[in-house]
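We name chains A, B, ... by the order of the sequence lines, and we start the count at 1 in each one.
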Amino acid sequence: MANTKTDEKLQKIAKDLLESGEVSLVIGYAKGSNLQRMRPVFITKAEDAGKLSFNPHAVQDLAVFLKKPEVKKFGKIGIVVKGCDEKAVNALIQEYQISRDNIKIIGMECNGVIRQSLADKGETNLSESAVYDKCLICEEHIPVLYDFLIESEEPKLVLSGNVKPYSGIEKLESMSAEEKNAFWAKEFDKCIKCYACRQACPLCYCSRCIVEKNMPQWIDTNSEETGNAQWNLIRAYHLSGRCIGCGECERACPVNIPLMLINEKMAKDVYNMFGYKSGLDINAKPVFGVFSESDFNDFIK
Amino acid sequence: MENIYLPKLAEIKEIIQETADTKTIRLTIDGGSIDFLPGQFGEFSFIGEGESTFGFSSSPLRKEYFEFSFRSSGRATTGINSLNQGDKIAFRGPYGNYFDTSKMKGKDLVFVGGGIGMAPVKSIMEYCLDERDDYGKITILYGARSVGDLLYKGIFDEWKKYKNTEVIITVDPGGETPDWTGKVGFVPTVLEQLPLKGENSVAIVCGPPIMIKFALKSLEEKMGFDKSNIITTLENRMKCGLGKCGRCNVGSVYVCKDGPVFTAKELESLPNDF
Amino acid sequence: MEDKDVKKEEHKGRKHVEDSQGDPRIIAFVCNWCTYSGADLAGTSRMKYSDNVRVIKLPCTGRIDPLFIVEAFKKGAKGVLVSGCHPGDCHYTSGNYHSRRKYATFRDLLGYLGVDLDRVEFSWVSASEGNKWVSIINEFTDKIKSLPGKSTDIFTKK
Amino acid sequence: MEEKYFEISAENLKKFVDSIIADNFEVIAPTDKDGGTFYGKISRFEEANLDILLPKMSYKEYLLPKTETLLEYSFSGVDTEIKDGLEAVAGANEKRVIFGGRPCDAGAGPIMEKVFNWDYKDEFFNERFKNLTIVSIACEKPDNYCFCTEMQLSPESSYGSDILLKKAEGKYFAVVTSEKGLNLIEPYINLFKETAKAQVPADKDWKKLFEIERTKSFLDKNFEHNYFQDRFLSCIGCGVCTYTCPTCHCFDIQDEGNLKEGRRIRNWDSCQFGVFTLHTSGHNPRVTQGDRYRQRLMHKFKIYSEKFDKYLCVGCGRCSRNCPEDIDIKEVAKDLADMA
Amino acid sequence: MSRIGVFVCWCGSNIAGTVDVEKVREEAAKIPGVVSALDYKYMCSDPGQNSLRNIIKEKNLTGIVLAACSPHMHENTFRKAAAKEGLNPYFVEIANIREQVSWVHEDKERATAKAVDLMKMMVEKVKRDRPIEDVRVPLNKKALVIGGGIAGIQAALDIANGGVEVILVEKEPSIGGRMIQLDETFPTLDCSSCIMTPKMVEANQHPNIKLYTYSEVEDISGYIGNFKVKIKKKARSVVEKDCTGCGECWNACPMHKNVKSEFNVNLSERTAIYVPFPQAVPLVPVLDRSVCLHFKKGGKCQKCYDACGPKCINFDLQDEIIEETVGAIVASTGYDLMDTSMYGEYGYGKYKDVISGLQFERLLSASGPTEGLIKRPSDGKTPQTIVFVQCVGSRDPEKGVPYCSKVCCMYTAKHAKLFAHKVHGSQSYVFYIDIRSTSKGYEEFVRGTMEQDGAIYLRGRVSKIYEDEGKLIVKGADTLSGNQVEIAADMVVLATGVIPKKGSDKLAQMLGISYDKYGFFTESHPKLRPAESSTAGIFLAGMAQGPRDIPESVVSGSAAASKILGLFSKNEYEVEGTIANVNEATCVACFYCQRVCAYNAISKKEIKDRSGKLIKVVANVNPGLCTGCGACVNACFSKSIDVKGFMDDQIYAEIKALAV
């Protein structure tokens, strides 16, 4: 398939960065195993920059690779990011996992990415019903921080309002404890404890996950109702106030657990309680690194 | 139908504190040992905390007990570490292959152990000592980081009592104490200085990877040991011990079943995946 | 809670009543400086309260990890209480403030995942509030006992 | 048993399935739920989705549950009591039928059986496998990720199936390969019409994209190769490939319980995890994700076949379809074959 | 190998009356790892302790559980007993079956069951106890005092007199702080400079005190016993050691009448080269480069240099950074007065004769701009009527601060009194909200102002002040009579509230000590550790902590000094070993632990290989600062930090022991 203008700009930036030695690696997207799939690509030589491409099938959050030791070894890295993904870069900087000096951010203006499940069935058009819920509530079509910005050639998404993003949250909130319990018990029952949600998450960067700690074994290892619930709880808890909403956990989940219903709910509540949104400011203090004397206290007797 | 994962309960007959952080535990089942061969291993567990893999460190010919030596580090070993004499340990095994004594008979033997790697060496070594007449000269070289890290301190003299048996104990430079009368030097270095010849000899080497690497080199290149006469054991991570759980593959080898005992020659054909 | 709310009778004998929850186990995680001392004070004042509670002492609410709550439920507790120094009173200046954020979030999450929030209680009990400790324990125990026998927590096998 | 052949109308097939459900068989079939298609229990024939090529997950969990109790223990004072977990498995799957799976999934059972029986016999697996009845449907249109043909199977293979259904105009041909299969249809035999092998449409000539032997021969010679490190930089180690794979069978053994009682369980595990081979000492033979993906390739295409004379892969392509980073194992296997 | 001994105490009938102690003992004996279980009437008695010690020896115990009274009662007793037998004292755990069982429950069977549970929990905990060694930190026996007001000077003198070297750093050109600005002091009316100046001189001359005036602390790192301090000695442009303080230079300075005197709170002027006040210590002028013509006009003017006999003026002097290592620090940075511009209705700044209390002090002072005569700033006339307004800014959550500034009631009474003494026949009015005069002699003092000196006290707020025909009309309410009052005054004195010294929050951050929302430094414990900050080795004194008067400031300075002398009485600082510990292998350096640590105890540590190449960065706990609160454990996602004495696996085991 021919290069689009976007692709050309992207390739030029990557080529320049690599040629000038400003970075030794550019992480970007390339054409994938079929026309509706993109895949991550790791460009280390300027002459390979032609592989880079970007379109609404670029679903992956490439920031996930910044936590990989094999990738970290490259030192100075350029990375292609959509607005949502870029927030992960910011959060990683906030949490000292990467240094701003070592990263060149190639920001892509993005009007939405197409759900992979639909893309696999042939969907190629950006539409309200084709994109992920995160795209419908997106406030960062242009990344909040970038060194280069490439404007989108795609038309802006027209929202009719008929598709209600994350509507499951309100539905759940209105349920009784038992109904919620039944809902999640059914969802977690599917869990196979593959931890793909963790691996796909750019902010799950612990070198030893708490589930791998066995002295003590806080999280049951079994993949039955108890162990699954604990895992899903602790994953969500560790990401509360940190999750930037890229949705990679849910996309990676092979058994379709609606993890974003949890992540978004927690993001919403953390914002309501503490006025904090993750990944918007590299100089902001993470919500659980600070406190206020006037914090929400109603639930404490 | 037999559940291959079902352990037996063995009673702790004796606990020997070897160093500050290692112990040897002697077990009995129905007052005696079990049938195993030197080099084999078992899965030992403090029920409730999980299993841990250890090679036997006693001679199977000593029928009143079987033993293993371990260092407390993870959850399972910490559990085992908390047990007292008379308590029960769950045990599965023996598993794996073993030192083939038929190929050692009539030959001179060199046993080289480093640190806690001495445990499996002790098993085969004591086995040979128990049938001392079947073998030629026996040289035992054992070293650890420091005097405090030496296992089996109390029984070195026992080994020395056997005829035509030389016992050399060494500690790494800096690990000696003022009253230390043994050697000071790394195991491979001390090994090189020994008057050993590869011909009609078998060497059994076990210890940390770096020690094995240099010891093998010395034995092969300086002393002329044939690769098939140098035997060592691998210590891959294992869970089932039965060739099922898929953890201990090295190349096409399941260490738990095809090993853990390998000759240097066999090791050479394996990819660097251990 | 104001002192006047604490009924005198509660300090007197408290008979154990069996109910739909059997003998519900309540695990309380408390800080050493305020609540543990408050509970001691209830003892030295010979106040009487429900014997369903088991106290685990930590240095500070800052050390009381939400994981403990999960673990307590896993091990069959029907109610979990977390209690420490009042805001501003933390022996370690800010442990309770940091934890309060975490508890607010964690509790929220628990509720969302279907844990009956009546089963998780948080309180500030100072070293002088023996009577508050007593009423918190009694009220919490009563509440737990009044909850439907069917467990709604997600951490134990059904 | 010698194969037997039957014809069954589409309508009768529905009757057959509904009848076995009525007779208390647990029928597991691809069914639409949770925004995808998964194997699950159906309560009537219509709930089965027979058009889907492959459900997202394999039905491995019916042979090797994601968590299995190996034993239960209880303490009284210093005394320990151990209860054999095998007792609970006895007779498992006796009334369970996997219906509507594909030949690749069916092929996984006998392949896995080898490792569970090569010396020590894992009766947990055996008991489940022995009793499970598998009724598969031959594929008509494999997709781009499929490569069962390359993996010595085919879209119409009956290997591992007790009954293989082949679709024809308005009806199915049933190839019954085992007593188990025969026993299943026996009570409803009036719905079937026995026929001769010659009547069953012959298998199509499925073309291969590459020779798996060449992949193996590359792996035989190349343990250290840049390809592994470079190509799998994009692997995030999520393990989805192993968990959704019908033949991946690695597991972990863990104890969980309290001071009174507990159990020893085995859980699915994955060679893609960093801790999989991590020694207590901190040494890890497989440090990079490249090392770990190589292990998966080695195990599938080299190690297993050397030991058990079967590749540990049925070419279902799930690992490719489900990979969040779009690593396509077919493409990889072909790359390796091309480099050999 | 766990070899646990369980000892069940009857406490007479206190426990045994409600708990079946024998049953608890029997249950203990059944637990794996318990090798000895006993019950005894009074474990804390000498025979009780002796039997405990004997059994430790006899059974070679590795841990002890006492099922007895609260650990707050006798934990130490039993730890000491265990230590005497060579058992690590932290291997003693207490199951509280008195305060939290026998005294609060009645049903014997159920109380016993609970006691058994608590005992089991502690057995599981003690099994997982690791030996804890108390941490010893070497001490550099030298102290730093930041702020040379009365509190700082007192602290410095007390420490110095204790034989310890002190570095006293003062931002201003002279020490003396606020107190030296005051005239007479309540309630004794002794002259402030009469009692303050000798102290200042003593501090300057003390062989153990090194004084840095016109200096600021620029950076502090390290921890108790070993703080590395960088002090910036600002360029004075005068060579201190040569200066005689003769005054020729400031007399020669052409910048006369141009610069407002900070010391006189803008009521007078000073020159560019100046000493803030005649008794300044050291009596060495400072050249204010921001106004000096030499610096402003390209080096032409050097009148001061010409006038200086010893030629000690040096325009080229540069700021100097001095590095010191000290073992302890006193933060006594004092206070500022609130800006009262938010009270536009009072006309401060608009009407010259509406002045602050501190300005009034300067008017009263014999060394002040009026040489002690009370004169109106506007026209120099002696006022006959003065209205004093209290609580300007203080106790006003809307516009000012909610707290009480504590000193205003008393100094206003003093002002009214001195006004009456100095201007016969004058009249003062005092608007107040409440009168707070609780210290020794204070109430009598205020009464005297009212009764003997005729000040009229009106309870109420002033609503407006405006000028009318040369008079200040003060409108206010007298809430006691319910009348609106209007007073024509010659002068109005506002009792302005106090706030922390500007920049003290920055210093607090540098020191790693906490401060409240107003900026006052917070004490480690408001009642029990009022002289300590939250960070070990850093002590607090004076108004920097909150409003207080001179005697209290002196007491707090002495308190800080005595804490430091106490600390320095040993060669090493001993910290309880129950501190946090990082698992470096799994730490990912997200530093959430550092963010939540109230004690600045966590820093970054670089792990390098042999060739010096950075392998990884991890969190590192400073044992001198860590208090073992465990907030870091809670903050760590991967559980790579743990706190000794309350390790994760211990808590886990306790919960596990409670499984139903």
(message) Does any backbone or side-chain atom of D:Asn117 lie under 4.5 Å from a heavy atom of chain B? Answer side chain, backbone, both or neither.
(response) backbone
(message) Assess, by modelled atom type and distance only, whether the side chains of D:Thr280 and B:Arg71 contain a donor and an acceptor separated by less than 3.5 Å.
(response) no
(message) Please rank D:His249, D:Gln254, D:His299, D:Lys302 by heavy-atom pairs under 4.5 Å with chain B and give me the top one.
(response) D:His299
(request) Compute whether any side-chain donor of one residue and acceptor of the other, for D:Arg286 and D:Thr277, lie under 3.5 angstrom apart. (result) no
(request) With a 4.5 angstrom heavy-atom cut-off, could you sort out which part of B:Asp258 is near chain D: side chain, backbone, both or neither? (result) side chain
(message) Under 4.5 Å from any heavy atom of chain D, what part of B:Leu9 do you find: side chain, backbone, both or neither?
(response) side chain
(request) Side chain from CB out, backbone as N, CA, C, O: work out which of these in D:Phe273 comes under 4.5 Å of a heavy atom of chain B, or both, or neither. (result) neither
(request) Please check if atom NZ in D:Lys95 has more than 12 non-hydrogen atoms from other residues, nucleotides or ligands closer than 6.0 Å. (result) yes
(message) Need one label for D:Glu87: side chain, backbone, both or neither, based on atoms under 4.5 Å from any heavy atom in chain B.
(response) neither
(request) Tell me yes or no: between the side chains of D:Gln272 and D:Gln289, is some donor less than 3.5 Å from an acceptor? (result) yes
(message) Taking the six-membered ring of B:Tyr254 as reference, does the cationic atom of D:Lys307 (NZ for Lys, CZ for Arg) lie under 6.0 Å from its centre and within 45° of its axis?
(response) no
(message) Between D:Phe116 and chain B, with a heavy-atom cut-off of 4.5 Å, which part of the residue counts as in contact: side chain, backbone, both or neither?
(response) both
(request) Please state whether the rings of B:Phe70 and B:Phe54 are parallel, tilted or perpendicular, taking 30° and 60° as the class boundaries. (result) tilted
(message) Is a donor from one side chain sitting under 3.5 angstrom from an acceptor on the other, for B:Glu67 and B:Thr24?
(response) no
(request) Consider only side-chain N and O atoms of D:Tyr304 and D:Thr247, and report whether a donor and an acceptor are under 3.5 Å apart. (result) no
(request) Identify which part of D:Tyr120 has an atom lying under 4.5 Å from any heavy atom of chain B, answering side chain, backbone, both or neither. (result) both
(message) For B:Ser146 and B:Asp149, which I'm curious about, is there any donor-acceptor pair between the side chains at under 3.5 Å?
(response) yes
(message) I'd like to verify something: which residue of B:Asp87, B:Val253, B:Leu6, B:Thr77 has the highest number of heavy-atom pairs under 4.5 Å with chain D?
(response) B:Leu6
(message) Between D:Asp255, D:Asp122, D:Leu278, who has the most heavy-atom pairs with chain B when the cutoff is under 4.5 Å?
(response) D:Asp255
(request) Mind ranking B:Glu2, B:Lys88, B:Lys239 by heavy-atom pairs under 4.5 Å with chain D and telling me who comes out on top? (result) B:Lys239
(message) Among B:Pro208, B:Ser73, B:Pro209, B:Gly243, which residue has the highest count of heavy-atom pairs closer than 4.5 Å to chain D?
(response) B:Gly243
(message) Just so I understand: if I count every heavy-atom pair under 4.5 Å between each of D:Arg266, D:Glu256, D:Glu224 and chain B, which residue has the most?
(response) D:Arg266
(request) Below 4.5 Å from any heavy atom of chain B, which atoms of D:Phe125 appear? Answer side chain, backbone, both or neither. (result) neither
(request) With a 4.5 angstrom heavy-atom cut-off, could you sort out which part of B:Cys240 is near chain D: side chain, backbone, both or neither? (result) both
(message) Regarding D:Asp291 and D:Thr288, do their side chains bring together a donor and an acceptor under 3.5 Å, going by distance alone?
(response) yes
(request) Answer with yes or no whether the side chains of D:Ser74 and D:Lys83 bring together a donor and an acceptor at under 3.5 Å. (result) no
(request) Sort D:Asn258 into side chain, backbone, both or neither according to what part of it lies under 4.5 angstrom from a heavy atom of chain B. (result) neither
(message) Heavy-atom cut-off 4.5 Å, strictly under: side chain, backbone, both or neither for D:Ile82 against chain B?
(response) side chain
